[in-house]
Amino acid sequence: MKKPSKQAEKSTEPMAPAPAVVDAILSGQHTDPFAVLGVHNSKDGFVARCFIPGAETITAMALDGTMLGDLNCLHPDGFFAGIVAVKAIQPLRYRATRGDVEWSVTDPYSFGPVLGPMDDYFVREGSHLRLFDKMGAHPLHHQGADGFHFAVWAPNAKRVSVVGDFNEWDGRRHVMRLRRDTGIWEIFAPDIRAGSAYKFEILGIYGDVLPLKADPFARRSELRPQTASITTGELEQDWDDADHIKHWASVDKRRQPMSIYEVHAGSWQLRDDGSFLTWDEMAERLIPYCVDMGFTHIEFLPISEHPYDPSWGYQTTGLYAPTARFGEPEGFARFVNGCHKVGIGVLLDWVPAHFPTDAHGLRQFDGTALYEHEDPRQGFHPDWNTAIYNFGRSEVLSYLTNNALYWGEKFHLDGLRVDAVASMLYLDYSRKDGEWIPNEYGGRENLESVRFLQKMNQQVYAAHPQMMTIAEESTSWPKVSQPVHEGGLGFGFKWNMGFMHDTLSFFARDPVHRKFHHQEITFGLLYAFSENFVLPISHDEVVHGKGSMIAKMPGDDWQKFANLRAYYAFMWGYPGKKLLFMGQEFAQWSEWSEKRALDWNLLQYPLHEGMRRLVRDLNLTYRNKPTLHARDCEGEGFEWLISDDVEQSVFAWLRKAPDCKPIAVIANLTPVYHEHYTVPLPVAGRWREILNTDAEIYGGSGKGNGGRVEAVPQGHDWAAASLSLPPLAVIMLELES
C-alpha cells in the first residue's frame with residue numbers, strides 16, 4: 001500500500017473531525033451538525049464536510065456550477081470532507097456518484113439562518129403576531145437557492161430533524177439548527193418542492209426518538225388515515241370581496257341581521273358514490289342554497305385537520321390546515337370568496353380548549369408536556385380524553401392567538417365560534433373535589449385562560465375588524481360579550497344556551513301540560529339583554545340519542561309539524577341572532593349522523609317543503625324588517641304585550657327599532673283555535689299580517705286574519721285588536737298605518 005505523502009497528511013488533518021463526532025453524525029445523535037457540516041474556515045483554508053448516504057465520490061460546486069474541489073471519503077457510510085476553493089462561507093452543491101449513478105445534493109448546512117433577532121425578541125415576549133409566516137414550512141428563495149424553510153418549537157429536544165419523502169424519512173439528513181433563546185429549531189432545505197410529505201423527528205430530552213410529529217403550523221396535511229404534513233406554496237387567491245369586508249368592518253354587528261346556517265361540510269351533501277364534495281362542488285350547491293334560503297352566514301363545524309371523522313372536527317391535530325377531505329386550501333379560499341361575492345359570511349368553529357392525544361399531534365411534543373400541563377389535574381380533560389392547552393405559557397398563547405389571526409388574514413373569515421369556553425373558564429369543570437388545582441387566590445376560575453381569551457379577542461378585533469368572535473359558554477360567567485376594557489372577555493356574541501334549553505323543554509311537552517311550565521318561556525327575558533346573544537339550535541341538539549327537531553315535538557304528525565313551525569317563528573321573533581343546524585330547516589326525521597348526507601328526498605313531501613319555505617320566509621322577513629334585528633341585543637327593542645296567559649299558553653310581544661314600524665309577535669302554543677282573542681297593541685290602526693305559520697303554503701290549516709287586523713283605541717295610550725289565533729301557530733303583525 002502506498003504511503004500518503006506528508007502534504008496529503010497535512011491537508012487532511014484540519015478537515016477530519018474526531019471519530020466520535022463522525023459517529024454521532026452517522027447515527028443521528030449529534031445535536032448541532034451545523035458546527036460540523038457545511039463550509040468552515042480552517043488554518044489551511046475553507047473546508048467542506050457533508051454526509052450523503054450511498055455516495056462513493058463527492059465533488060463540491062458553487063450554486064452556479066463552478067467546480068470547487070473533490071472531497072475525500074472519511075467514512076464509507078457517506079461522510080466526506082475536503083478543501084474547497086472559496087474565499088468565504090457560501091452555499092454549496094455536491095455532485096455525488098455511486099458506480100454509474102450520479103445525482104446532485106444542495107447542502108442545507110451551507111446556508112445561514114432565516115429567522116432573526118427580532119423574531120427571537122417577539123417570540124420571547126409573546127407578542128409575535130405573524131408566527132404563521134415564520135413557523136412551519138414556507139417556500140423561500142434564500143442565498144441563491146429555492147427551497148423550503150422549516151421552523152418548529154421544541155425547546156427540550158436534544159435534536160430535531162425534518163424528514164419526508166425528499167430524504168427517505170432519514171432523520172440524519174436534515175437536522176435543524178437550534179435558536180437557543182427561543183427553543184425554536186429551523187433549517188432552510190434547498191430543492192424541496194411544494195407537495196412533499198414531511199414530519200419532524202425529535203430526539204427527546206432523554207435521548208429517545210419520539211413518534212414522528214406533524215407540523216403544528218402546517219398549512220396542508222395528508223388525507224386521513226395518513227397523518228403527514230404537506231409542503232405548500234403561499235395561498236394564492238384573487239380576492240373579490242372588498243365591499244363585503246368593508247361593510248362588516250364598519251357596522252355595529254349587534255344591529256345587523258344574522259341568521260346562521262350551521263353546516264358539517266362532510267355530510268351536508270355527498271357525491272353519488274358517497275365520497276365528499278370538494279370545496280368547489282360545495283360552492284356550486286351550498287352557496288346558492290343559502291342565498292335562496294336567506295341565511296346571512298354559514299358556520300362550519302371545525303374544518304381544521306383532524307384524524308377521526310366521528311369527532312366532527314373537534315379533535316383537531318392541525319389548527320392551521322384546512323382538512324384534506326375537501327381538497328386543497330385554495331379551494332376553501334375560493335369558497336369563502338364566492339360566499340362574500342353574494343353577501344354571505346363564513347364562520348368557523350374553533351377549538352382552543354383542548355387537543356387530542358394522537359401520537360403525531362401536540363401531546364408530549366418534544367418529550368415533555370410542552371403545549372399541555374404536566375399535571376393531569378390541569379392538563380387532561382376527563383369528558384373528552386383530551387389534553388388541555390397550558391394557557392400559562394406565552395408560546396402556547398401565541399400559537400393559538402396567531403391561529404385566530406391566520407384564519408382572518410389568509411382566508412378572510414368573518415368570525416370564529418369558540419367551542420367549549422365554559423371548560424376553559426373553570427378549573428373544576430367536570431372534576432370532583434381533589435381533582436383540580438385552585439388558582440393563585442384559591443378560586444375555581446382559570447385566570448390564565450381568561451387572559452388568553454381577552455388577548456385573543458383584542459387582537460382579532462384590532463387586526464380584522466370585519467371578524468366577530470362568538471362564545472359557546474353555558475354558565476352565568478359575567479360579561480362574556482363585553483369589551484375587555486370594561487372587564488369583559490371581549491367576545492362579540494355568546495350562545496344563549498339557556499334559551500335553547502328552556503324553549504326546547506317547553507315545546508317538547510304535550511300542550512296540555514305547558515301551562516305548568518309557563519316560566520320556561522318568560523324566564524329568558526330576565527337576562528335576554530345581559531349579553532349579545534345568538535339563539536342556537538345547533539348540532540348538539542340533534543345527536544347522541546336526542547333525535548331530530550321534528551322528532552322532539554309532541555302529538556301526531558300534523559301537530560309535530562305545527563309545533564316546529566311555531567317554534568321556529570317564535571325563535572325568529574325573539575330577540576337575538578339566529579342559528580339553525582342543517583337538515584332542521586326541512587324537518588329531517590332522522591337524527592343527524594356524520595356518516596351520511598341529509599335526507600334531501602324529504603323535500604318532495606308537502607309538510608317538509610312547507611317547513612323549508614317557512615324558514616326561508618322567516619329569514620327574509622327577519623332580514624328585511626330592521627324592527628326584528630336592529631335591537632336584537634338591546635332591551636328597548638322588546639316589550640311584553642301578553643306574558644301571563646298561563647291557562648291558554650298564549651304569548652305576545654312587541655319588537656321595536658328607531659324609525660321603524662313596530663311588529664307584534666303572537667304565539668298560540670296549544671292546539672286550541674281562538675276565533676276572537678284580544679291582543680293589546682301600542683297604536684290604533686291597521687296592522688298587516690306579515691307571517692302566519694298556519695298558512696297552507698307551509699303545511700298549515702290556513703286559519704288567519706285575512707291579511708289584516710284593525711286595532712281600536714282603548715285609552716289615550718293603547719289599543720287592542722280582536723284576532724283569529726290559529727292552533728299551534730305564531731303570527732306576526734306589522735303596523736300599516
For the aromatic rings, using the six-membered ring if either is Trp, is the centroid distance between [X] and [Y] under 6.0 Å?
| X | Y | value |
| --- | --- | --- |
| Trp592 | Phe581 | yes |
| Trp384 | Tyr308 | no |
| Phe332 | Phe411 | yes |
| Tyr389 | His373 | no |
| His539 | Tyr314 | yes |
| Trp312 | His544 | yes |
| Trp436 | Tyr426 | no |
| Tyr527 | Phe523 | yes |
| Phe499 | Tyr574 | yes |

Calculate, to the nearest 0.5 Å, the distance between atoms [atom1] and [atom2] belonging to [X] and [Y] respectively.
| X | Y | atom1 | atom2 | value |
| --- | --- | --- | --- | --- |
| Arg255 | His629 | CZ | NE2 | 11.0 Å |
| Arg631 | Glu634 | CZ | CD | 4.5 Å |
| Arg431 | Ile437 | CZ | CD1 | 9.0 Å |
| Asn439 | Asn446 | CG | CG | 8.0 Å |

Donor on one side chain, acceptor on other, [X] and [Y], under 3.5 Å:
| X | Y | result |
| --- | --- | --- |
| Ser505 | Glu520 | yes |
| Tyr261 | Gln584 | no |
| Trp572 | Tyr567 | no |
| Ser590 | Asp599 | yes |
| Asp383 | Tyr429 | no |
| Thr475 | Glu473 | yes |
| Glu305 | Thr323 | yes |
| His244 | Asp414 | yes |
| His412 | Asp241 | yes |
| Thr317 | Asp358 | no |
| Tyr568 | Asn563 | no |

Side-chain donor or acceptor of Ser449 paired with backbone N/O of Met424 under 3.5 Å: yes
Pairwise side-chain contact, Gln378 with Ile388, heavy-atom cut-off 4.5 Å (strictly under): no
Greater than 12 external heavy atoms within 6.0 Å of His517's NE2: yes
To check you understand the geometry: which heavy-atom pair defines the closest contact between [X] and [Y], and what is its length?
| X | Y | value |
| --- | --- | --- |
| Tyr698 | Leu691 | OH-CD1, 4.5 Å |
| Met732 | Ala569 | CE-O, 3.7 Å |
| Thr503 | Phe570 | CG2-CE2, 3.8 Å |
| Ala265 | Trp279 | CB-CH2, 4.3 Å |

Any residue meeting side chain to side chain donor-acceptor pair (under 3.5 Å) with Arg417, in chain and number order, not counting sequence neighbours: Asp349, Asp419, Glu472
Just list the side-chain donor-acceptor pairs under 3.5 Å for residues 476-490, sequence neighbours left out, or say none.
residue: Lys479; atom: NZ; partner: Glu486; partner atom: O; Å: 3.0
residue: Ser481; atom: OG; partner: Glu531; partner atom: OE1; Å: 2.5
residue: Ser481; atom: OG; partner: Asn532; partner atom: N; Å: 2.8

Mutual orientation of the aromatic rings belonging to Phe586 and Trp600 [parallel < 30°, tilted 30-60°, perpendicular > 60°]: tilted
Ring pair (Phe, Tyr, Trp, His ring centres under 6.0 Å) contacts touching residues 444-464 (sequence neighbours left out): Phe391-Phe452
